[in-house]
Structures are given as C-alpha cells and as structure tokens.
K.L.:
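Have a look at this one before I ask anything.
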Amino acid sequence: MLKVLIDARWIEKPRGLGRYVREMLYAIAREDFGDAEIIVLTPEGSEEHVSSLGTFKIVTLRAWPVPIWEQFIVPWWAWRLRVDLVHSPCNTTSLMLSKMRVQNLVTIHDLMFFEGHGSTLYQRLGNLYRRFIVSRFKRRGLTLVAVSRATRDRVREKFGIDAAVIYEPVANFVRVAGNVSGVSRRLGGRAYFVHIGGLAAHKNTQLVVDAFRAATLCDYCLVILGVPRSARAVGNWLADDVVIPGWISDAEVARYIAGATALIFPSLAEGYGLPILEAFSLGCPVITSAIAPMTELAGDAAFLVDPRSMAMVTDACRRLGSDDALCRLLRERGLRRAAEFSAERIGRELMAAYSRAAGVQHVGTS
C-alpha cells in the first residue's frame, strides 16, 4: 500500500500557497485512491477545513514556524508513520528527507525569491530560507512538479533539473463561491472592471489604474482586489472611480469577478496566473499579458496585451467596455478553456506522480 504524507502547513493562508494546498487536496479527493493512504499533516484548528475538501487521514499539531515545521516536524512524522512519500507543496522541503528511506515530491511555483530580497524583514528572511533550500535540490534526488511550463523551464535553466508540469485547478474556489449566476453586474449603479493586483511591482497595479483612467469610461469603475486598504499606495489609487474592498473572502472575490465586465491582469511576472482561470471559470472575460505563463493558461481565450504598454491596456478596456459581442466571445472561450483544467484531471495526474515518485504501480482507478 502506498502511504503519502502531504504537508498542509499553509492551508489556512487566504490566497497564494494556501489556495494551492486547498485546490490540490480537493483535486486529489476526486480520485479513487485504490489501496493508497493519503495522510494530511496540518496545524491544529484546520481539521474541519481539511475534512471539507475530502476524506483523508488527518494529523494535527501545533503550528510551529515554517523552518522548524518543515525541517524537523515533517520528517519526524514521515518516520513515525512509515510513509513512502512526502509531498511538499510550497517550493521548499526538509533536507533531512533525502537521508531517510522516504521519497520526496516538491511543487515549485516560481523562482521569484531568487530575483528579489523582499520589502520587509519577514519577506527577506523567507526568501533567504527559500534560496538556501532550493539551491540544494540538485544533489537531493527529489521529484519536482512545476505549476506551469514557464516555471519548469526556469527550474531547468537555473538548476538543470527536470520537473513534470501539473496545473492548479480552481474547482474548490468555484465550489466555495456557490451560485453566482444571478450576481449583479453593477456596483453603485456602474459597470466595473476588476483587477487582482498587489503592492509588489510585478503585479502592475499602478499601470492598471493609470490605463483605466485614461480610458475615460464614465459609466465604469475599477475594483482592485488583493491589497489591504491600510497600505500607503492605496491612498494614491482610491477615488470615486476606484474601489478597494481590502482583504475579503474567496466567496466575495468570486462574486466581484463574476459580475465584472472583464478581469484586468497584465502581470509582469507570475509562476502561474491563477486569476486567469478563476475568471474563465466564472464566465468573466480576461485582459492579460502576452507573456508566459499568462499565455500558457489563456490560450486563445483572453485579450492579450503588452503588460508594459499603458496604451494597449487602455485600448483593451475601451474595447471590452463597448463591445458586447467581443465580451460574449471571450466569455464562451474562457469557459471552454477552464474545463481543460478540471479537478478530476489534476487529481489523476497528482496520484500518478505520487506512484511514479514512490516507484509503485499507479494506484488510482478512476
């Protein structure tokens, strides 16, 4: 029997790595485990969250700081439970596992922590830790999974290591959102665009604000998600035509996306580009960057722009704000594209990756 231990330390994080862990567990639960046993190691208080995603054996304990949890707690439980494989889903893993008779599969989301030191002490320490761990992957004999071909290529270029590509679905996000078919497409009497951005420069939020205002769409406003209302930069963006709700739940995020004329997502760099699939799944047209990995996810279903060209983003806003036929076309294409990233498909691929990494016959039967 194949025994897999999944490190779910980040499961309660609202977006980013937390979203990936939740979507991954939900996808795996859609697959028939056969005679495999999937064990989820998670912080105390998150048991119900794990149970809501699927039927797993759950081990809970105090939420130690990540380096302690990852480097010592995870390998100790891997030894205690006599597992065959540990899945480390958030870029890093325990260096001790390579010295044990335990296989290790690691999901790599991006390598941006090699490109910047971070703006806060917490981010700087986190990036230093990630660089230290990931730099040692080549000598550890790990099995790597990348969330996109773009990330796989970066890993290969930097470390000379191959990784399988397994995408991230958004089925759990859509499930949590519930029925959004009747959501209002107006906010305060106006139609709106939605932008999922951030304070980091690569999110390109300042250009989005400038491009939207240059479009002079009097009957529209712009909703910016993914930034706290307390951030200093928000003061430069907030106005009658820009709405910033602050930190909100996934269900609220989904409702904003479902009601928008389009999602504006001209990011300069991503490991994946999850908002693109979120919008596709909710029937929202997408404006995004004509660079990888955004093009990899979008296919022919999005309005592609140069993310450094304010003029192109402005034109895209004007086009979608005035062309209902174009919006319908992109909406239909987006829904078809989203269906290609189903939880069932991703679940099968993950279980097959576990079997290969552990050197056993594929355990799933669905």
Side-chain angles (χ1 to χ4, degrees), residues 14-16 18-19 22-23 26 52-53 168-198 203 205 208-209 212 215 217-229 237-267 273-288 297-298 301-303 316-343:
R15 292 186 68 81
R19 276 289 309 279
R22 295 191 294 275
E23 293 290 350
Y26 185 74
S52 71
L53 300 169
E168 177 182 351
V170 294
N172 183 59
F173 173 79
V174 174
R175 176 183 72 96
V176 170
N179 185 3
V180 295
S181 59
V183 69
S184 172
R185 294 193 172 273
R186 304 189 76 79
L187 191 65
R190 293 180 292 183
Y192 65 93
F193 291 89
V194 65
H195 166 62
I196 298 180
K203 292 298 184 182
T205 297
V208 170
V209 173
F212 170 75
L217 298 168
C218 299
D219 295 330
Y220 278 83
C221 62
L222 172 67
V223 176
I224 301 177
L225 305 179
V227 296
R229 287 182 60 88
W237 300 331
L238 270 175
D240 181 60
D241 59 344
V242 175
V243 177
I244 302 178
W247 297 124
I248 57 178
S249 68
D250 278 359
E252 292 172 298
V253 169
R255 292 184 68 81
Y256 274 115
I257 294 174
T261 295
L263 168 76
I264 310 175
F265 190 69
S267 180
L274 193 63
I276 296 170
L277 283 186
E278 292 174 346
F280 283 170
S281 297
L282 294 168
C284 177
V286 173
I287 300 167
T288 193
L297 292 189
F303 193 118
C317 290
R318 287 173 177 158
R319 289 279 304 279
L320 270 70
S322 60
D323 192 336
D324 291 340
L326 177 59
C327 285
R328 282 195 300 273
L329 175 64
L330 291 178
R331 192 174 295 118
E332 291 166 1
R333 288 183 176 179
L335 288 168
R336 287 197 298 268
R337 182 66 172 162
E340 299 176 28
F341 298 82
S342 70

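Throughout, residue positions are numbered sequentially from 1 according to the sequence presented. Bear in mind the structure is a predicted one, so any value in this text is a computation, not a measurement.
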K.L.:
Taking side chain as C-beta onward, heavy atoms only, is R319 less than 4.5 Å from I287?
P.N.:
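Of all side-chain heavy-atom pairs linking I287 with R319, none is under 4.5 Å.
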
K.L.:
For the side chain of R22 and the backbone of L53, is there at least one donor-acceptor N/O pair under 3.5 Å apart?
P.N.:
no

K.L.:
State whether the number of non-hydrogen atoms from other residues, nucleotides or ligands found under 6.0 Å of R15 atom CZ is greater than 12.
P.N.:
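For R15, atom CZ is crowded (more than 12 foreign heavy atoms under 6.0 Å).
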
K.L.:
Are any of the side-chain heavy atoms of V208 and P266 separated by less than 4.5 Å?
P.N.:
yes

K.L.:
Are any of the side-chain heavy atoms of L222 and W237 separated by less than 4.5 Å?
P.N.:
no

K.L.:
Any chance you could measure C221, atom SG, to F212, atom CZ, to the nearest 0.5 Å?
P.N.:
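The SG atom of C221 sits 6.5 Å away from the CZ atom of F212.
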
K.L.:
Which heavy atom of L274 sits nearest a heavy atom of P169, and at what distance?
P.N.:
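Here L274 and P169 meet closest at CD1-O, 4.3 Å.
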
K.L.:
Working to the nearest 0.5 Å, report the span between OG1 of T288 and CG of L263.
P.N.:
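If we round to the nearest 0.5 Å, T288:OG1 and L263:CG are 7.5 Å apart.
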
K.L.:
For V176 versus A251, what's the shortest heavy-atom pair and its separation?
P.N.:
O-CB, 4.1 Å

K.L.:
Taking atom CD of E278 and atom CD1 of I196, what is their separation to the nearest 0.5 Å?
P.N.:
5.0 Å

K.L.:
Return the minimal non-hydrogen interatomic distance between L297 and G273, and the atom names on each side.
P.N.:
CD1-O, 3.5 Å

K.L.:
Any side-chain heavy-atom pair from V209 and I224 closer than 4.5 angstrom?
P.N.:
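A side-chain contact exists here, since the closest heavy-atom pair is under 4.5 Å.
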
K.L.:
Name all residues meeting the ring pair (Phe, Tyr, Trp, His ring centres under 6.0 Å) criterion together with F303; count only those two or more places apart in sequence or in a different chain, and write none if there are none.
P.N.:
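Partners of F303 by the ring pair (Phe, Tyr, Trp, His ring centres under 6.0 Å) criterion come out as none, since no residue qualifies.
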
K.L.:
Taking the side chain as C-beta and beyond, is there a heavy-atom pair between R19 and N172 under 4.5 Å?
P.N.:
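Heavy-atom side-chain distance check fails, nothing below 4.5 Å.
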
K.L.:
Taking the side chain as every heavy atom from C-beta outward, state whether L330 and L320 have any pair of such atoms under 4.5 Å apart.
P.N.:
yes

K.L.:
Checking side chain to side chain contact (heavy atoms under 4.5 Å, CB included) against P285, which of E332, R328, R331, R333 comes through?
P.N.:
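When side chain to side chain contact (heavy atoms under 4.5 Å, CB included) is applied between P285 and each of E332, R328, R331, R333, only R331 qualifies.
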
K.L.:
For A343 versus A171, what's the shortest heavy-atom pair and its separation?
P.N.:
CB-CB, 3.7 Å

K.L.:
Hey, could you give me each pair passing ring pair (Phe, Tyr, Trp, His ring centres under 6.0 Å) that has a residue in residues 171-193? Not counting sequence neighbours.
P.N.:
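Only F193-Y220 qualify under ring pair (Phe, Tyr, Trp, His ring centres under 6.0 Å).
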
K.L.:
Would you list the pairs meeting salt bridge (charged side-chain N to carboxylate O under 4.0 Å, His left out) in which at least one residue belongs to residues 170-198, sequence neighbours left out?
P.N.:
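Every pair satisfying salt bridge (charged side-chain N to carboxylate O under 4.0 Å, His left out) with a residue in residues 170-198: R190-D240.
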
K.L.:
How long is the gap from CG on L282 to OH on Y256, to the nearest 0.5 Å?
P.N.:
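Nearest 0.5 Å value for the CG-OH distance: 15.0 Å.
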
K.L.:
Atom CZ in R255, atom CG in N179: separation rounded to 0.5 Å?
P.N.:
9.0 Å

K.L.:
Mind listing the closest non-hydrogen atom pair of V227 and G197 along with its distance?
P.N.:
CG1-C, 4.3 Å

K.L.:
What residues form a salt bridge (Lys or Arg N to Asp or Glu O under 4.0 Å) with E168, not counting sequence neighbours?
P.N.:
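With sequence neighbours excluded, E168 shows a salt bridge (Lys or Arg N to Asp or Glu O under 4.0 Å) to no residue whatsoever.
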
K.L.:
Applying ring pair (Phe, Tyr, Trp, His ring centres under 6.0 Å), can you list everything that pairs with F341, at least two apart in sequence or on another chain?
P.N.:
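Counting only residues at least two positions away or on another chain, F341 forms a ring pair (Phe, Tyr, Trp, His ring centres under 6.0 Å) with Y167.
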
K.L.:
To the nearest 0.5 Å, what is the distance between OG1 (T205) and CD1 (I264)?
P.N.:
10.5 Å

K.L.:
For R337, check salt bridge (Lys or Arg N to Asp or Glu O under 4.0 Å) against everything at least two apart and list the hits.
P.N.:
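If we apply the salt bridge (Lys or Arg N to Asp or Glu O under 4.0 Å) test to R337, skipping adjacent residues, the hits are E340.
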
K.L.:
Looking only at heavy atoms, what is the nearest atom pair of C317 and A215, with distance?
P.N.:
CB-CB, 4.2 Å

